[in-house]
Amino acid sequence: MTITLPDGARRELPAGATGADLAAAVGRRLAESAVAVLVDGAPVDLTGPLADGATVAVVTADSEPGRRILRHSTAHVMAQAVTQLWPGARYAIGPPIEDGFYYDFELPGGAHFSDEDLGRIEERMREIVAADQPFVREDHTVAEGLELFADQPYKREIIEGVDAGEGAAEGAVSAYRNTADFVDLCRGPHVPSTSRLGHFKLLKVAAAYWRGDEQRPQLQRIYGTAWESEAALGEHLHRLEEAERRDHRRLGSELDLFHFPPEIGSGLPVFHPKGGLVRKLMEDYSRAEHEAAGYEFVYTPHITKAALLEISGHLGWYAEGMYPPMELEGSAYYPKPMNCPMHILVYKARQRSYRELPLRLFEFGTVYRFERSGVLNGLLRARGFTQDDSHIFCSSDQLEGELASLLAFVLRLLRTFGLADFEAELSTRPEKYVGDPEEWEVATAALRSALEAARIPFVVAEGEGAFYAPKIDVHVRDAIGRRWQVSTLQVDLQMPQRFDMEYVGADNGRHRPYMVHRALFGSIERFFAILIEHYAGALPTWLAPEQVRVLPVTSDHHAYADRVADRLRADGLRVGVASADETLGSRVRRAKLEKVPYVLVAGDEDVDAGTVGVNTRGVQRVRRGVAVSELSEAVRAEVAGRLATTGA
RNA sequence: GCCCGAGUAGCUCAGCGGUAGAGCAGGCGCCUUGUAAGCGUCAGGUCGUCGGUUCGAACCCGACCUCGGGCUCCA
C-alpha cells in the first residue's frame, strides 16, 4: 500500500503496516522518538494499522503534540500506581495540561494524599515504567464499557456522557489496558509501552471538584510534569525554580517594598517607602503621559449609595464580588468595585456638545472587590487595588480613530516599562449579550482595525466578550516567557444607555456617545508585581528606588563620598552612602542584594583625582577611575531615556 | 467558600510530650577595609489566637485567624 508523508513523499509499505512500521521505514532515529502518528490529521496509536492512501505524519516526543501524548500516558501510569497503593481508589480524569498532567482520584474512606505520598507513588510509577507494560487499545460498545468500569462511577458517568454526547463515534468507547488488572477509559492515543516514559516528576497534591463544580464531590488531584528527556525535564524544573526566585511576594519583603498586614485583612497591601517610591515613579510617568495625550484628570469617592450601582447594573450581576454595604442615614453605601459609573456622572454633570468629544477622563481610582479568600494571590489578585482607569466618550465617527490611538498609546507605555512582547485577544459577541447586534458589529470592527493598525499579533476569541462589550485584552510575555494579561480596551454598549447619556450634535440633535473603558496597567499593584517578577527585582535605573550607592573605602574617605553623593543628588539622582563600619566586600554584597544599579567605591586615588570606581549591576568588570561628571551624565541619560537595562 | 500544606526572634528555619535554639538581620565595641559575608558582645519569643487532653503542651485534639498551593483545561 502507499502512504503519503507530510512533505508529499510517498512510501510503499506492506499491507497491514502500522505507524511504527512507517517510522522505522523512514529512519531509526524517527522510530525511537515516535510516540504516535497523525493519520489524515487524526492522532492514532503507533500500533494501529494504516490504511492505503492515507497521509501520515509521525508525532515525535520532542514536539508539543508528542509531549501531550507522553504526559497523558504518564498520567495513566500514575493512576495505575495509585490504584495499586490504594486498592479501591476511584480514578476520574487525567488529562495532559500545559507543561504536565494531572489525575483526579477518590481514595477509599475519604483518605487524602499527603506530600510524602508523592514519593511512594513516583517509586511505583518507576517500577511500572521498568516493567515495560504495553498500552493496548480496546474498543467497546457503551454497554460493555459500563460493564468494564462497573466499580468506577466517574468513568461510568463519562461513558454515559459519551453516549448522550455529540455523535461521539456511534456510541463506542475505547480503553487502554496496561495489565490484566489495570485498564483506563481513554480516547488515546498512547505511547506503545511504558518504557517510552520515565522523565517525569510529581509536583503537588491539590483538591479539585469533579468537573470543576463546587456542588459535586471533591476529588484528590495530583499534578505532575513529564518530558521527552531528562534534560528537558531538568530545564522545566529549573524554570519553576526561577519563577519561585522571582516571586514578587518574596522579593517584596526582601527588598522592603510592601506587605500584607493581617491586622488590615487579606488582600489589602501596604506599600513601604521603597515600594511607594517605585509606585510613585510609575504613577508620575503615567500622569505625565496621559496629560500629554489629552486626558483630563478627575477624582471620585471610594464609596457610593446603592442607587448608582443599581443604575449601572453592578448590583444586579456583580453583587457577590462586592464588599457588603454600610447603612448610613437610611441608605446603603458600598465601597466601589469600579470607577466607570462615577466617571459617567462627571460626563453627565451638564449637557455635552459634540465639540467636547472625545472626552477622555482619567483617574487612579482605588476600588474594592470581595475576591474569594482562596483566589487571593499577593499583589496579583488583591481585594483593594488601584486602577489606572480611563473612560473615553466619543461620537461614532470618532470611535475607530480613538481606539487606534488608544491602543498605540497603551503599547508605547508598556514598551517603556520594558514589556514589548505582545499578544492581543479580540473578544467578540457572546451568545448571551445585550444591545443591538449592529452596534456590536461596529464596535468589534473598530477594535479589529485598531489591532491591525498597531501591527501586533492577535487572535480572535469568538464569543468571549463580556455580555455588554467586545474588548481587546493585551497580553505580554515576561523575561522568562510567562504570559500576563495587562491592558484592556472595552467598547461599552450598555452603560451609555443605562445612564441615558447624550450629547448635542452638529445637527442640533441628541446622540448617544460611545464609551470606551481602558485600563493600562490594569491595576497598579498588579502591574508593579509583574514588573518585579519580569526584572527579578532589578528594576531599571529610572524606576530603582536607590539608583546609586557610594561606598567610601575607609572612614577617611567619608567626606569625599558625601561630596560625590551630594553632587549626584544635585543632578537629580537618588543616592545613598554606606558608611565604612563594615568591610567594603560586605557593603558591596549588600548593595548587590538590594539590586542597586550603580555601586560607586571612593578611596585615596579617587579623592585625589575626583573619580570613583564604578560597579554596574549586571556588568562583570569593575571600572576604576571614572570621573564623577562622566558617571553622572551617563546615568542621567539612562534615566532620561527610561532604558530598560543598565549601561554606563 | 471548599480540600491539602504551613504559621516558633524582624527574616530563613531546627526542635515534634519533660526548663525555648541556630544562622542572618538589629544595638554596642573593636577592626579602617579597593569591589558579593572581618571579629567580639548584647538584646530579642505568651512558639498565630482561643479552648481542650495531660502531672506536664511549641509538640496531641478542636475552633478561629493569616499565608501558600489547588478547585476551566473533558475519558
Side-chain angles (χ1 to χ4, degrees), chain A residues 68 72 75-76 79 91-98 100-104 110-118 145 149 152 154-162 165 168 173-176 184-188 203-223 244 247 249-250 253-254 256 259-267 320 370-378 551-558 579-594 599-606 612-616 620-625:
Chain A
R68 286 182 69 80
H72 197 176
H76 277 229
Y91 42 117
I93 59 168
I97 55 175
E98 189 177 352
F101 60 91
Y102 67 79
Y103 215 116
D104 288 345
H112 299 295
F113 293 118
S114 69
D115 288 340
E116 292 77 58
D117 292 331
L118 293 185
F149 292 102
Q152 291 293 338
Y154 298 107
K155 297 293 174 192
R156 288 171 60 96
E157 189 175 326
I158 293 163
I159 294 169
E160 282 157 2
V162 167
V173 297
S174 58
Y176 281 77
D184 193 359
L185 183 69
C186 188
R187 189 147 53 194
L203 297 176
K204 55 197 169 199
V205 297
Y209 296 99
W210 170 232
R211 306 221 140 155
D213 183 348
E214 294 178 28
Q215 306 304 316
R216 312 196 67 173
Q218 194 162 39
L219 305 175
Q220 292 282 300
R221 175 172 297 182
I222 298 177
Y223 283 92
E244 203 181 316
D247 191 309
R249 291 164 301 200
R250 174 198 179 110
S253 70
E254 280 177 10
D256 196 18
H259 85 290
F260 289 85
E263 295 86 340
I264 296 180
S266 287
E320 81 290 350
F370 191 73
E371 303 283 0
R372 298 198 302 173
S373 60
V375 306
L376 295 174
N377 181 234
L551 277 43
V553 174
T554 76
S555 37
D556 293 340
H557 312 114
H558 235 121
S579 80
D581 297 339
E582 295 173 275
T583 60
L584 184 64
S586 147
R587 284 175 288 152
V588 168
R589 177 181 146 85
R590 188 188 301 262
K592 292 291 172 191
L593 290 176
E594 292 176 27
V599 178
L600 309 187
V601 174
D604 283 334
E605 299 164 22
D606 299 298
V612 285
V614 180
N615 184 332
T616 307
Q620 279 299 310
R621 271 178 69 103
V622 168
R623 291 167 66 214
R624 293 281 295 270

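The chains referred to below are lettered A, B, ... by the order of the sequence lines, with proteins before strands, and numbering in each begins at 1.
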Counting any heavy atom closer than 4.0 Å, what does [X] reach on the DNA or RNA strands: base, sugar-phosphate only, or nothing?
X	value
A:Lys155	sugar-phosphate
A:Gln220	sugar-phosphate
A:Gly585	sugar-phosphate

Protein heavy-atom contacts under 4.0 Å, written 5' to 3' over nucleotides 65-70 of chain B as B (base), S (sugar-phosphate only) or - (none), form the string -SSSBB
If we ignore angles and hydrogens, is there a donor and acceptor under 3.5 Å between the side chains of A:Arg211 and A:Tyr209? no
Does the side chain of A:Glu157 pick up a donor-acceptor pair with the side chain of A:Trp210 at under 3.5 Å? yes
Among B:rG38, B:rG34, B:rA36, the one nearest any side-chain atom of A:Asp604 is B:rG34
Which comes earlier along RNA chain B counting from the 5' end, the contact point of A:Arg590 or that of A:Pro95, where each point is its nearest nucleotide?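 Between the two, 5'-proximity favours A:Arg590.
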Name the pairs: protein N/O against N/O of nucleotides 42-47 of chain B, kept only if under 3.5 Å.
none

Any side-chain heavy atom of A:Ile158 within less than 4.5 Å of one from A:Phe149? no
Contact between A:His558 and A:Ser579 at the side-chain level, heavy atoms closer than 4.5 Å - yes or no? yes
Watson-Crick or G-U wobble mate for B:rG26, both contacts under 3.5 Å: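 B:rG26 is paired with B:rC42.
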